[in-house]
Amino acid sequence: IAHRGFKEKYPENTLVAFQAAMNAGAQMLELDVTFSCDRKLVVIHDETLERTTNGRGAVNDYTMERLKQLDAGSWFSEAFAGEPIPALEEVLKTFGGRVRLNLEIKAFDAGVAVIELLQRYPDAESVVSSFNWRLLERLRTTDDSLPIAVLFAAGNWRHAVRLAVGLRSVAFHPEAGQVGRSMITACRQAQLPVYAWSVDDPVRAKSLLRAGVNGLFTKDPLALRGVV
């Protein structure tokens, strides 16, 4: 699973990074979704613009039109100067039906809008994930068939797995350092696939796969393709 695209060699969460990840053999693209100030769905990880664009301030202080005018490539390399921030709809149009998509929702109020947009792209095979479990619970009540995955970073993993089962999640997404045999066993008993993030070392990847992890998020899908 290409974490924000092929971000080892391309500017993260851009169309060029997603296409490169596909070319490298990624079986799923992971991307982050939030709202612009005019409530359009935009693909960017941070709440602010400074790290990955030439803009300044909060993402949700900008309209989609203004966000599209920013440069989301030069920070990574001048070779990608002018690469724009994508709208989620652009990603669905470009990659829907070609590769699976993991949409990590950052803004609570963007969740229902994501569902509504996905309904317009039935060929897009997508799963919606979030660290905000209240949001996932809300999405489940809104759409009984929405593919949901629970993100987990630290704390009581047993509680997180129970939540995932209760939400009828299609997968559990723990931070790789949290993965252990007890977690794998519990998820296997619940028929809950485990996809660990983020793993870039082939040796570590082999270890996790031998332990029973079903898939891996990585910034370098080319490096892990042979391992998986």
Side-chain angles (χ1 to χ4, degrees), residues 1-8 10-36 40-46 52 59 64 67 72 83-108 110-132 135-136 139-140 142-152 164 167-174 192-199 214-222 224-225 228:
I1 305 164
H3 190 208
R4 306 179 208 165
F6 196 159
K7 72 171 193 157
E8 174 69 13
Y10 298 83
E12 66 177 60
N13 275 326
T14 59
L15 296 181
V16 67
F18 297 143
Q19 184 60 58
M22 276 193 61
N23 295 346
Q27 296 165 300
M28 181 183 286
L29 306 178
E30 187 269 352
L31 51 137
D32 304 282
V33 182
T34 191
F35 258 153
S36 62
K40 301 291 180 62
L41 293 165
V42 57
V43 176
I44 190 169
H45 177 271
D46 296 2
T52 59
V59 174
M64 179 65 83
L67 289 169
E83 185 68 26
I85 300 172
L88 177 57
E89 188 159 17
E90 288 179 272
V91 175
L92 293 174
K93 285 180 178 178
T94 306
F95 298 103
R98 299 173 60 203
V99 64
R100 297 174 67 195
L101 301 172
N102 184 123
L103 313 180
E104 181 184 337
I105 303 180
K106 296 294 188 181
F108 186 90
V112 174
V114 168
I115 290 178
E116 292 173 350
L117 184 59
L118 288 175
Q119 289 172 347
R120 293 163 47 192
Y121 292 89
D123 291 338
E125 187 179 355
S126 304
V127 58
V128 171
S129 66
S130 184
F131 286 104
N132 189 325
L135 167 61
L136 295 179
L139 295 183
R140 173 55 71 227
T142 303
D143 186 336
D144 191 57
S145 62
L146 180 70
I148 283 174
V150 170
L151 275 162
F152 174 74
L167 289 172
R168 303 190 308 284
S169 300
V170 297
F172 183 57
H173 295 174
L192 185 65
V194 177
Y195 299 91
W197 55 272
S198 173
V199 183
N214 302 91
L216 302 165
F217 291 84
T218 181
K219 65 182 179 182
D220 191 347
L222 189 60
L224 293 198
R225 185 173 63 180
V228 175

Worksheet item: Rounded to the nearest 0.5 Å, how far apart are CG of D143 and CD1 of I115?
Response: 5.0 Å
Worksheet entry | Donor-acceptor contact present, side-chain N214 to main-chain V194, <3.5 Å | yes
Worksheet item: Side-chain contact, heavy-atom cut-off 4.5 Å: V33 with V91?
Response: no
Worksheet item: Would you say the side chain of W197 lies within less than 4.5 Å of the side chain of E30, judging by non-hydrogen atoms?
Response: no
Item to complete: Report the distance from atom CG of N102 to atom CG of L29, rounding to the nearest 0.5 Å.
Response: 9.5 Å
Practice prompt. From the options L117, V127, V114, select the one residue that forms a side chain to side chain contact (heavy atoms under 4.5 Å, CB included) with L103.
Written response: V114
Item to complete: Could you tell me which non-hydrogen atom of A72 sits nearest to which non-hydrogen atom of P84, and how far apart they are?
Response: CB-C, 4.0 Å
Worksheet item: For the atom pair NZ (K7) and NZ (K219), what is the distance rounded to the nearest 0.5 Å?
Response: 6.5 Å
Practice prompt. Mind running side-chain contact (heavy atoms from CB on, under 4.5 Å) on F6 and D220 for me, showing each step along the way?
Written response: CA-CA 6 Å; F6 196 159; D220 191 347; 3.3 Å; yes
Worksheet item: Is any side-chain heavy atom of T52 less than 4.5 Å from a side-chain heavy atom of H45?
Response: no
Item to complete: Output yes when a side-chain donor or acceptor of E104 lies under 3.5 Å from a complementary backbone atom of L31, and no otherwise.
Response: no
Worksheet item: What are the two closest non-hydrogen atoms of V199 and L224, and how far apart are they?
Response: O-CD1, 3.2 Å
Fill in: With N132 via side-chain contact (heavy atoms from CB on, under 4.5 Å) - residues at least two apart
F108, S130, R134, L135
Practice prompt. Could you tell me the separation between the CZ atom of F95 and the CD atom of E90, rounded to the nearest 0.5 Å?
Written response: 10.0 Å
Worksheet item: So how far is it from I85 CD1 to I44 CD1, rounded to the nearest 0.5 Å?
Response: 4.5 Å
Discussion item. Please determine whether side-chain contact (heavy atoms from CB on, under 4.5 Å) holds for the pair I105 and L139, giving the CA-CA distance in whole Å, both sets of side-chain angles, and the decisive distance to 0.1 Å.
Written reply: CA-CA 11 Å; I105 303 180; L139 295 183; 4.0 Å; yes
Response to the item:
Shortest non-hydrogen pair, S36 vs L67, comes out as CB-CD1, 3.8 Å
Worksheet item: Within the side chain of R4, is there an N or O that forms a donor-acceptor pair under 3.5 Å with the backbone of A17?
Response: no
Worksheet entry | Neighbour count >12 (heavy atoms, 6.0 Å) for atom NZ, K106 | yes
Worksheet item: Does a side-chain N-to-carboxylate-O contact under 4.0 Å join R120 and E89?
Response: yes
